[in-house]
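Small disclaimer: the values here were computed from a predicted structure and weren't measured.
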Amino acid sequence: MKFAREVSGISHGVSLGLLAALYVRDSLALSVDVEPHVPGLDPSLPVQVPAGVDRAAVTREWPGWWTDALDACTRGAEPIAPENAEALLTRPACRDAVLALKPGIEQLHRVQAPVALPIGDVLRGIESRIGRWAQSVELHIAEVPVDGLLWERIAPAHVLASTRFLNDPARTAPALRAVLEDLV
């Protein structure tokens, strides 16, 4: 995960594991229904099914991959390379798709720069309100460049958020405050 900043156990970055899963979903135009609902990547990708990729098999495997990728993100088990995600060990069709689409996945991950968040300001406001330091606060925000507003708590100390949501201070500060107040 590429991190923008870490304050008092609070981290924020773009998850390679989640980005790879979304890239495969959108490139192959998979029709999959999972929770939480995550819009398509922004900018949208052209549909391409590389030779040797079994789209039907990827469609069957993808929901489990997504669930496991979210779990890996919450455990801090990010892959160093997209094809090395532990969730792909039992999903050969998804792994084949990642290998075929790897240059595009890596290029998209390289150009992602996590947005700056008002974490320090929000945390100071909470500390001022409660009259003490917020010690041992842990929050991890996984940013995904999708088309739409997304702020979804995927675990007690983990949030999945869209770049568009995070770029809107009027939405980000109250959302951060609500989660951090719950964790302090």
Side-chain angles (χ1 to χ4, degrees), residues 1-4 11-50 52-115 117 139-155 158-168 171-172 175:
M1 194 179 291
K2 289 199 257 182
F3 292 104
S11 64
H12 157 236
V14 178
S15 163
L16 177 58
L18 298 178
L19 188 65
L22 294 172
Y23 193 96
V24 167
R25 179 197 68 180
D26 291 6
S27 288
L28 301 181
L30 303 181
S31 179
V32 290
D33 187 25
V34 294
E35 289 296 325
H37 170 73
V38 179
L41 289 170
D42 183 26
S44 61
L45 301 175
V47 175
Q48 59 175 331
V49 181
V53 172
D54 183 344
R55 187 175 176 275
V58 174
T59 300
R60 285 190 302 276
E61 293 177 0
W62 196 91
W65 175 24
W66 178 249
T67 299
D68 288 352
L70 285 172
D71 180 63
C73 182
T74 64
R75 290 183 291 107
E78 281 294 307
I80 294 171
E83 72 275 14
N84 293 339
E86 63 185 43
L88 295 175
L89 292 175
T90 58
R91 296 179 177 91
C94 287
R95 188 169 191 283
D96 289 346
V98 167
L99 288 169
L101 297 168
K102 183 178 177 177
I105 294 168
E106 289 179 333
Q107 180 179 353
L108 182 59
H109 189 248
R110 259 191 315 278
V111 300
Q112 296 305 308
V115 300
L117 300 177
L139 175 62
H140 305 281
I141 302 168
E143 181 178 337
V144 287
V146 296
D147 183 25
L149 300 173
L150 175 67
W151 178 270
E152 185 76 32
R153 206 157 174 183
I154 57 174
H158 289 80
V159 172
L160 179 63
S162 66
T163 303
R164 186 171 290 174
F165 186 98
L166 295 175
N167 275 325
D168 183 350
R171 294 180 193 279
T172 303

Going from CG on L117 to OG on S11, what distance comes out if it is rounded to the nearest 0.5 angstrom?
10.5 Å
Which heavy atom in P82 sits nearest to a heavy atom in E106, and how many Å separate them?
CD-OE2, 3.8 Å
Determine whether a donor-acceptor pair (N or O, by modelled atom type, separation under 3.5 Å) exists between the side chain of W62 and the backbone of A21.
yes
Does the side chain of C94 reach to within under 4.5 Å of the side chain of V24, using non-hydrogen atoms?
no
Please say whether more than 12 non-hydrogen atoms of neighbouring residues, nucleotides or ligands are located less than 6.0 Å from CD1 in I80.
no
Quick one: does any side-chain atom of T172 pair with a main-chain N or O of L166 as donor and acceptor, under 3.5 Å?
yes
Would you check, one step at a time, whether the test side chain to side chain contact (heavy atoms under 4.5 Å, CB included) holds for I105 with L16?
CA-CA 8 Å; I105 294 168; L16 177 58; 4.1 Å; yes
Keeping to residues at least two apart or across chains, list the side chain to side chain donor-acceptor pair (under 3.5 Å) pairs with something in residues 35-45.
D42-R164
Could you tell me if the side chain of P145 sits less than 4.5 Å from the side chain of L19, heavy atoms only?
yes
Find the distance between CG (L89) and CG (N84) and round it off to the nearest 0.5 Å.
8.5 Å
Compile the donor-acceptor pairs under 3.5 Å between side chains in residues 25-34 and protein atoms, sequence neighbours left out, one pair per line.
| unit_1 | atom_1 | unit_2 | atom_2 | d |
| --- | --- | --- | --- | --- |
| R25 | NH1 | V38 | O | 2.7 |
| R25 | NH2 | V38 | O | 3.4 |
| R25 | NH2 | P39 | O | 2.7 |
| D26 | OD2 | L41 | N | 2.6 |
| S27 | OG | Y23 | O | 3.0 |

Go through W151 and L160 one step at a time and tell me if the side chain to side chain contact (heavy atoms under 4.5 Å, CB included) criterion holds.
CA-CA 6 Å; W151 178 270; L160 179 63; over 6 Å; no
To the nearest 0.5 angstrom, please state how far the CD atom of E78 sits from the CD atom of E86.
10.0 Å
So, do H12 and V115 sit near enough that their side-chain heavy atoms are less than 4.5 Å apart?
yes
Start with the C-alpha distance between H158 and L70, add both sets of side-chain angles, then the distance that settles side chain to side chain contact (heavy atoms under 4.5 Å, CB included), and finish with yes or no.
CA-CA 10 Å; H158 289 80; L70 285 172; over 6 Å; no
Counting heavy atoms not belonging to Q107, are there more than 12 under 6.0 Å from its CD?
no
Sidechain-backbone polar pair: Q112 side chain, V14 backbone, donor-acceptor under 3.5 Å:
no
In short, A142 meets S15 closest at the heavy-atom pair CB-CB, 4.4 Å
Nearest 0.5 Å please: distance from the CD1 atom of I154 over to the CG atom of L18.
6.5 Å
Interatomic distance, CG@D68 vs CZ@R75, rounded to 0.5 Å, equals 8.0 Å
Is the side chain of R91 donor-acceptor paired with the backbone N or O of G64 at a distance under 3.5 Å, no angle test?
yes
W65 and V98, any side-chain heavy atoms less than 4.5 Å apart
yes
What verdict does the side chain to side chain contact (heavy atoms under 4.5 Å, CB included) test give for S162 and E143, after you've listed the backbone C-alpha separation in whole Å, the side-chain angles of each residue and the deciding distance to 0.1 Å?
CA-CA 6 Å; S162 66; E143 181 178 337; over 6 Å; no
